[in-house]
Amino acid sequence: MTAAAPLAVDSRRRSIAHSRYSRRSNVTILVTGATGNVGRQVVAQLVRAGRPVRAMTRQPHPGRLPDGAEVVQGDFERPDTWPAALDGVQSVYLFPFVYAATDHGFVDEAVKAGVTRFVVHSAAAAGFAPGTGGNGALGRHLTEEREAHRGLELLVEASGAEWTHVRPGLLAANALQWADQIRAGRVVRGPYAAAGYPVVHEADVADVAVAALLTDDHVGRVYTVTGPVKVSQAEQVTAIGAAIGVQVRFEELDPTEACRQWLRDGFDEETVDWMIALLADAVDGTGALPPTDSYLQVTGRPPRTFAQWANDHAADFRVEVPR
């Protein structure tokens, strides 16, 4: 997999884009999926940049988003909510709403309403070659992800608007699934302690997305965004312990035992199969997703480490001591 796959944009189009974008500094930017891990970061960064930002979420709640953002109710499956969300908007950070769903025409309606640029929150799987992950559970899952996310990208490309595709790898935020175990007993139990990927801080994904929203430098480009290095599950748990100031250990389970536990926890059999396959694929090496240098290309800085992510999220894992 390449770090980034820039697609050619002819000079005339770039010139037109630049002249058009120079008039956009006071135009509202719509962030969909605004209360998600990445969407919340995008909103916060746009607010700090002094740009008018509208945060679209299905369930607006005070305090969930930064002061300075206009929060509106919007649902990709409810077209009646779109006009208010899209009014006066020229740029959209587009959450991958077509994943396991049907497009209800949001992209077309956005263009009709005056949107001229999309920054698509896609996924690394959109760039995977057919057959990645083999013929088993992992391969089937990656095929579904590739088709869904690449389908959204193609939909945007066909709209006539400017576009940038941001393809995150696995998010470091997946480690939040361990929070209850860490708070309860400072032990994480699971299969394949050595398995890991170059997980990415959600703020890094947002940095790339915001650069694409605020400048013309990334029109027509595709960025696969990862963390700097593979971090095994055991290393992630150790880093979380360091961040909260206690020793946390990873207790490795036999994969069969782990599957039984996940099924008891309510996961369906198909999900359990691909979770096991995803980890098994990355015991030796990084599996289908090696680190990329996309973040460095866009920002000029190295990506944040998992240790930085753990420090940023220490409160999510720390046990509060009663006074």
Any chance you could lay out the side chain to side chain contact (heavy atoms under 4.5 Å, CB included) test for Val43 and Arg40, step after step, and finish with the verdict?
CA-CA 5 Å; Val43 172; Arg40 185 181 287 108; 5.8 Å; no
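- Across all their heavy atoms, Leu65 and Ala55 have their closest contact at CD1-CB, 3.5 Å.
- Residues in residues 185-199 take part in these salt bridge (charged side-chain N to carboxylate O under 4.0 Å, His left out) pairs, two or more places apart or across chains: Arg189-Glu251.
- Formation of a donor-acceptor pair under 3.5 Å by the Thr164 side chain with backbone atoms of His218 is found in this model.
- Taking a cutoff of 4.0 Å between a charged side-chain nitrogen and a carboxylate oxygen, Asp87 and Arg54 do not qualify as a salt bridge.
- Distance alone, capped at 3.5 Å, is enough to place a donor-acceptor pair between the Asn174 side chain and the Leu171 backbone.
- A donor-acceptor pair is defined here as one N or O able to donate and one able to accept, closer than 3.5 Å; such a pair exists between the side chain of Thr81 and the backbone of Asp75.
- Side chains of Phe76 and Thr32 form a contact here, defined as non-hydrogen atoms less than 4.5 Å apart.
- A donor-acceptor pair is defined here as one N or O able to donate and one able to accept, closer than 3.5 Å; no such pair exists between the side chain of Lys230 and the backbone of Pro290.
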Let's go through Val248 and Thr238 carefully: what are the C-alpha distance in whole Å and the side-chain angles of both, what is the deciding distance for side chain to side chain contact (heavy atoms under 4.5 Å, CB included) to 0.1 Å, and is it a yes or a no?
CA-CA 6 Å; Val248 183; Thr238 298; over 6 Å; no
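- The neighbour count for Arg183 CZ, taken as heavy atoms of other residues, nucleotides or ligands under 6.0 Å away, is above 12.
- Of all non-hydrogen atoms in Ile244 and Ala314, the two that sit nearest each other are CG2-O, 3.5 Å.
- Hydrophobic clustering of Ile, Leu, Val, Met, Phe, Trp and Tyr side chains at less than 4.5 Å, counting indirect connections, unites Leu152 with Val111.
- Judged by distance alone, the side chain of Thr286 and the main-chain N or O of Ala282 form no donor-acceptor pair under 3.5 Å.
- Thr226 places a side-chain N or O within donor-acceptor distance of the main-chain N or O of Thr292, the cut-off being under 3.5 Å.
- No side-chain N or O of Gln45 forms a donor-acceptor pair with one of Arg48 less than 3.5 Å apart.
- In the hydrophobic cluster analysis, where Ile, Leu, Val, Met, Phe, Trp and Tyr join through side-chain heavy atoms closer than 4.5 angstrom, Leu154 is grouped apart from Val222.
- Side-chain N or O atoms of Gln233 include one that pairs as donor or acceptor with a backbone N or O of Tyr192 at under 3.5 Å.
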Let me see the working for Asp273 and His141 under side chain to side chain donor-acceptor pair (under 3.5 Å), right down to the final yes or no.
CA-CA 10 Å; Asp273 285 346; His141 175 76; over 6 Å; no
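- Side-chain atoms of Thr57 do not come within 3.5 Å of backbone N or O of Pro60 as any donor-acceptor pair.
- Put simply, the side chain of Tyr93 reaches to within 4.5 Å of the side chain of Val38, judged on heavy atoms.
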Go through Phe118 and His165 one step at a time and tell me if the ring pair (Phe, Tyr, Trp, His ring centres under 6.0 Å) criterion holds.
CA-CA 8 Å; Phe118 292 96; His165 303 324; 9.9 Å; no
Set out, in order, the CA-CA distance, both residues' side-chain angles and the distance that settles salt bridge (Lys or Arg N to Asp or Glu O under 4.0 Å) for Arg304 and Asp312, then state yes or no.
CA-CA 11 Å; Arg304 293 171 175 88; Asp312 291 342; 5.1 Å; no
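- Gln261 and Asp265 share a donor-acceptor pair across their side chains, judged by distance under 3.5 Å alone.
- Phe106 is listed as a side-chain neighbour of Leu94, based on a closest heavy-atom distance under 4.5 Å.
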Set out, in order, the CA-CA distance, both residues' side-chain angles and the distance that settles salt bridge (Lys or Arg N to Asp or Glu O under 4.0 Å) for Arg117 and Asp216, then state yes or no.
CA-CA 10 Å; Arg117 177 176 296 183; Asp216 296 320; 2.5 Å; yes
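- With hydrogens and angles disregarded, no donor-acceptor distance shorter than 3.5 Å links the side chain of Asp293 to the backbone of Leu296.
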Would Val237 and Val187 count as a side chain to side chain contact (heavy atoms under 4.5 Å, CB included) if you check the C-alpha gap in whole Å, the side-chain angles of each, and the deciding distance to 0.1 Å?
CA-CA 9 Å; Val237 167; Val187 177; over 6 Å; no
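- Taking all atoms of both residues into account, the shortest heavy-atom contact from Ala277 to Leu138 is CB-CB, 3.6 Å.
- Here Glu153 pairs with Arg150 in a salt bridge; the nearest charged N to carboxylate O distance falls below 4.0 Å.
- Within a 6.0 Å sphere centred on CD of Glu270, other residues, nucleotides and ligands contribute 12 heavy atoms or fewer.
- No side-chain heavy atom of His121 sits less than 4.5 Å from a side-chain heavy atom of Val42.
- With contacts defined as side-chain heavy-atom distances shorter than 4.5 Å, the pair Tyr295/Val200 does not qualify.
- Side-chain contact between Thr28 and Val53: absent, with no pair of heavy atoms (C-beta onward) separated by less than 4.5 Å.
- A 4.5 Å side-chain heavy-atom check between Pro191 and Trp262 finds at least one atom pair inside the cut-off.
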Could you walk me through whether Val27 and Val89 satisfy the side chain to side chain contact (heavy atoms under 4.5 Å, CB included) test, starting with their C-alpha distance in whole Å, then the side-chain angles of each, then the deciding distance to 0.1 Å, before giving a yes or no?
CA-CA 7 Å; Val27 175; Val89 168; over 6 Å; no
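- Side chains of Glu202 and His313: a donor-acceptor N/O pair is present below 3.5 angstrom, by distance only.
- Between Thr132 atom OG1 and Glu145 atom CD the span is 12.0 Å, to the nearest 0.5 Å.
- Hydrophobic clustering of Ile, Leu, Val, Met, Phe, Trp and Tyr side chains at less than 4.5 Å, counting indirect connections, keeps Val283 apart from Leu253.
- Atoms CH2 and NE2, from Trp309 and His201 in turn, are 8.0 Å apart once rounded to the nearest 0.5 Å.
- Looking only at distances, a side-chain donor or acceptor of Asn311 sits under 3.5 Å from a matching main-chain atom of Ala307.
- Looking at heavy atoms from C-beta onward, Val92 lies out of side-chain contact with Ile29 at the 4.5 angstrom threshold.
- Rounding to the nearest 0.5 Å gives a distance of 10.5 Å between OG of Ser122 and CH2 of Trp163.
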